[in-house]
Amino acid sequence: MYLINGIEVSKSDFNLPIENLSLWRGDGIFEAIRIHDRFLFALDRHLKRFERSAQKMLFENIDFDLIKIDLQKVASNFTDGYVRVIISRSESIDSYDVLMFYQKPVVIPEYYSLETQLSPWHPGGDFSLEENQIVGTKSTSYALNITQTRLAEQNGFSDALLLNRKNIILEGPTFSIGWIKGDTVFIPDLKLGILDSITRQYINKFGINNLLKVKEGRVTVDEIYEMDSVFALSTAKHGKFVNKINEKNYEPSPLLEVIQACFKNEVKAEKLSNI
Ligand SMILES: Cc1ncc(COP(=O)(O)O)c(C=O)c1O
């Protein structure tokens with residue numbers, strides 16, 4: 001299912017002129033929201049981040065209420081998968097299109113390995129949100145992230161794990177990271193300039209609700225080797241066990257099952273509260 005500015009179209013209607021700024025410069029913002037049996041999990045959180053991205057990237061006069069209605073309309077046709085929405089700059093600062101489409105569920109490999117890579121273009125803690133308003137924007141300029149995924153794949157890994165110049169673990173090209181030591185679940189802090197991942201927000205929520213013991217922290221590559229377990233977090237990965245980072249193998253922690261159960265319960269609870 002495809003929508004352009006709220007109107008249902010067919011795939012072949014997505015014709016962008018070469019001067020389109022999202023094509024030319026990657027000038028756009030996006031969100032991807034997971035469908036659980038026609039229900040959009042964490043929709044309001046995604047919309048809030050979308051509004052923040054719009055503000056940071058100087059998109060004005062966007063009707064987010066209408067976008068919400070259209071997202072729900074798309075989701076109402078599917079039992080799983082994702083709705084993706086892009087606000088794409090057209091040919092000048094004040095012109096844009098809202099592009100929306102359904103994406104089938106992503107297949108995540110059972111065995112999941114990550115290769116660490118330095119990310120010189122990533123804010124990585126050198127610039128804070130206060131200093132630079134575009135830190136953490138969910139923009140469509142993703143070519144560098146995707147290239148790091150491809151480089152890792154070429155080296156036989158499932159994906160990359162990005163590092164700042166001090167070898168501190170940041171995030172994946174399309175996911176957040178967390179690790180477990182003893183009875184505690186850790187996530188990196190947002191001051192590192194990582195995306196304010198919605199899935200990561202839920203880990204904090206589970207901590208606040210005393211479902212897990214959660215702390216924010218920073219680790220280098222050498223330090224993450226000492227952790228009991230590592231997991232990936234994203235809209236598509238609600239606590240995916242990481243089997244290996246570089247040459248270090250991990251064992252799944254029983255806490256991972258707790259994390260996954262927390263997400264299942266959260267989806268159920270949110271769905272019920274929306275009926
Ligand atoms: C760079 C980056 N970090 C983290 C995430 C995870 O964010 P979320 O949990 O909102 O899907 C994503 C998702 O696309 C991402 O692209």
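Side-chain atoms are counted along with the backbone in the values below, which use heavy atoms only and exclude waters and symmetry mates. Bear in mind that the values here come from a model prediction, so they are computed numbers and not experimental data. Order of listing sets the numbers, starting from 1, for every ligand and every atom in it.
Other residues, nucleotides and ligands place more than 12 heavy atoms under 6.0 Å from the CZ atom of Arg38. Within a 6.0 Å sphere centred on CD of Gln103, other residues, nucleotides and ligands contribute more than 12 heavy atoms.
For ligand 1, the atoms lying closer than 4.0 Å to a non-hydrogen atom of Glu171 are 1 (C), 2 (C), 3 (N), 4 (C). Annotation for ligand 1: atoms under 4.0 Å from non-hydrogen atoms of Gly172 are 1 (C). The contact set between ligand 1 and Pro173, taken as ligand atoms under 4.0 Å from a residue heavy atom, comprises 1 (C), 16 (O).
Only the side chain of Leu195 comes within 4.0 Å of ligand 1, counting heavy atoms alone; its backbone N, CA, C and O stay farther away.
Looking at ligand 1, you'll find an N or O of Ser197 within less than 3.5 Å of one of its N or O atoms. The distance criterion of under 3.5 Å between nitrogen or oxygen atoms is met by Ile198 with respect to ligand 1.
Distances from atom 10 (O) of ligand 1 to the heavy atoms of Lys138, Glu31, Arg49 put Arg49 nearest. Taking all heavy atoms of Phe175, Tyr142, Tyr82 into account, the minimum distance to atom 16 (O) of ligand 1 is reached by Tyr142.
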Problem set entry | Trace of the ring-ring contact (aromatic ring centres under 6.0 Å, His included) decision for Tyr142 with Phe30 | CA-CA 11 Å; Tyr142 255 60; Phe30 77 104; 5.3 Å; yes
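Using a 4.5 Å cut-off on side-chain heavy atoms (C-beta onward), Leu114 and Tyr112 make contact.
Counting all heavy atoms, side chain and backbone alike, Ile224 lies closest to Tyr250 at O-OH, 2.7 Å.
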